[in-house]
Amino acid sequence: MADTIEEAVSRALAEAPERNFRETVDLAVNLCDLDLNDPSNRVDESIVLPAGTGQETQIVVFAEGETAVRAAEVADEVLDGEDLEDLGDDDDAAKDLADETDFFIAEASLMQDIGRYLGTVLGPRGKMPTPLQPDDDVVETVNRMKNTVQLRSGDRRTFHTRVGAEDMGAEEIADNVDVIIRRLEADLEKGPLNIDGVYVKTTMGPAQEVPV
């Protein structure tokens, strides 16, 4: 299967028109034979891409003490309990932060306060933080999240996710696509039968069908 995925990716890269910016490579997945009005049937997965996303991933960590110090080495921003309260009082700032951030990570001890102050902002966006347990290495967690994408269908039959950037090799991007398709086939109720079609494209380029 990997060879045919790589061929589709190669065509998508080759047929992308020249642009004066670095395009992302995106995957579109069409689902079928699923009642997406039932939340239990919806796709909502975090997947670590083996070749990385090829893009900057914005990560914010809620932490205090030593964890905050270590997180500052790798995260885009580190916020403590006081910052959390301030965001709870400033709805616009909280929404801006949520929209600009790909992933949030938080010490488990702060999760209750995050739910209280930011739950109404982060919850509907599907961006509640990944809890960091006392034994977890915050640096390792942040670095893993930098290579993570979110698959989220909501109630829509078609959804999209990032699988790379145009200057990555076709083989690397194909590896990322392969991991996503395998995860979907494993998790969907009827496996491959719930996938109506998969397409790969650059930001502005034509879509190429990926055999599944």
Side-chain angles (χ1 to χ4, degrees), residues 21-27 39-40 42-156 159-165 167-168 172 176 179-180 183 187 203:
F21 62 93
R22 182 171 180 256
E23 294 188 76
T24 61
V25 179
D26 301 312
L27 199 70
S40 68
R42 296 175 185 174
V43 175
D44 191 359
E45 295 275 351
S46 294
I47 297 184
V48 180
L49 300 183
T53 66
Q55 296 287 310
E56 289 296 318
T57 301
Q58 194 81 6
I59 296 176
V60 171
V61 177
F62 291 102
E64 304 202 305
E66 178 63 24
T67 302
V69 172
R70 296 200 68 224
E73 300 169 16
V74 287
D76 294 283
E77 194 170 357
V78 180
L79 304 173
D80 61 17
E82 283 187 23
D83 296 323
L84 189 51
E85 286 187 42
D86 291 342
L87 284 168
D89 292 332
D90 189 340
D91 208 36
D92 288 339
K95 287 176 180 175
D96 286 346
L97 182 69
D99 291 339
E100 293 164 2
T101 303
D102 293 297
F103 295 107
F104 291 91
I105 299 168
E107 285 187 287
S109 58
L110 292 173
M111 287 297 290
Q112 191 171 344
D113 284 344
I114 288 168
R116 184 171 66 187
Y117 292 120
L118 295 179
T120 56
V121 173
L122 300 183
R125 289 170 169 77
K127 290 189 176 181
M128 285 299 285
T130 297
L132 193 69
Q133 303 301 334
D135 291 341
D136 291 341
D137 182 336
V138 66
V139 173
E140 184 182 302
T141 302
V142 169
N143 286 333
R144 186 177 71 247
M145 297 293 271
K146 285 181 179 179
N147 293 323
T148 296
V149 292
Q150 195 75 22
L151 300 189
R152 185 174 291 116
S153 67
D155 59 2
R156 299 182 306 280
F159 66 95
H160 303 81
T161 190
R162 186 169 66 197
V163 290
D167 54 359
M168 291 172 62
E172 290 180 307
N176 288 343
V179 165
I180 289 171
R183 175 73 75 87
D187 289 354
T203 310

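What you see is a predicted model; the values in this text were computed from it and never measured.
At a threshold of 4.5 Å between non-hydrogen side-chain atoms, the residues V43 and D187 do not count as touching. With a 4.5 Å cut-off on side-chain heavy atoms, D137 and R70 count as touching. Counting heavy atoms from C-beta on, the side chains of I47 and L151 come closer than 4.5 Å. When side chains are defined from C-beta on, E85 counts as touching Y117, because their heavy atoms get closer than 4.5 Å.
Of the possible donor and acceptor atoms, one in the side chain of D136 sits under 3.5 Å from a partner among the backbone N and O of Q133. For N143 (side chain) and E140 (main-chain N/O), no donor-acceptor pair under 3.5 Å exists by modelled atom type. Judged by distance alone, the side chain of R125 and the main-chain N or O of V121 form a donor-acceptor pair under 3.5 Å. A distance-only check finds no donor-acceptor pair linking the side chain of Q58 to the backbone of D76 [under 3.5 Å]. Looking at E107, its side chain does come within 3.5 Å of a backbone N or O of E64 through a donor-acceptor pair. The backbone N or O of R144 lies less than 3.5 Å from a partner atom in the side chain of T148, making a donor-acceptor pair. Judged purely by atom type and a 3.5 angstrom limit, E23 uses its side chain to pair as donor or acceptor with the backbone of T203.
Results of the side-chain hydrogen bond (donor to acceptor under 3.5 Å, both in side chains) test with Q150 over D102, T161, D44 single out D44 as the only residue that passes.
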Between K146 and I59, is a side-chain contact (heavy atoms from CB on, under 4.5 Å) present by the stated rule, with each step listed? CA-CA 7 Å; K146 285 181 179 179; I59 296 176; 3.6 Å; yes
Pair F103-T130, side-chain contact (heavy atoms from CB on, under 4.5 Å): steps then yes or no: CA-CA 8 Å; F103 295 107; T130 297; 5.8 Å; no
Begin with the C-alpha distance, continue with both residues' side-chain angles, and end with the deciding distance and a verdict on side-chain contact (heavy atoms from CB on, under 4.5 Å) for R22 and Q55. CA-CA 10 Å; R22 182 171 180 256; Q55 296 287 310; 3.1 Å; yes
Set out, in order, the CA-CA distance, both residues' side-chain angles and the distance that settles side-chain contact (heavy atoms from CB on, under 4.5 Å) for E77 and T101, then state yes or no. CA-CA 10 Å; E77 194 170 357; T101 303; over 6 Å; no
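The pair K95-D92 fails the salt-bridge criterion, with no side-chain N (NZ, NE, NH1 or NH2) lying under 4.0 Å from an Asp/Glu carboxylate O.
Residue R162 comes nearest to D26 through the heavy atom pair CA-OD1, 3.7 Å, listed as atom of the first residue, atom of the second, then distance. Minimum interatomic distance between A71 and V61 (heavy atoms only, all atoms of both residues): CB-CG1, 3.9 Å. The two residues L122 and P129 have their closest heavy-atom pair at CD1-CD, 4.1 Å. A pairwise comparison of heavy atoms in A98 and F104 identifies CA-CZ, 4.0 Å as the closest pair. Closest approach of A51 to M168, counting heavy atoms only: O-CE, 3.6 Å.
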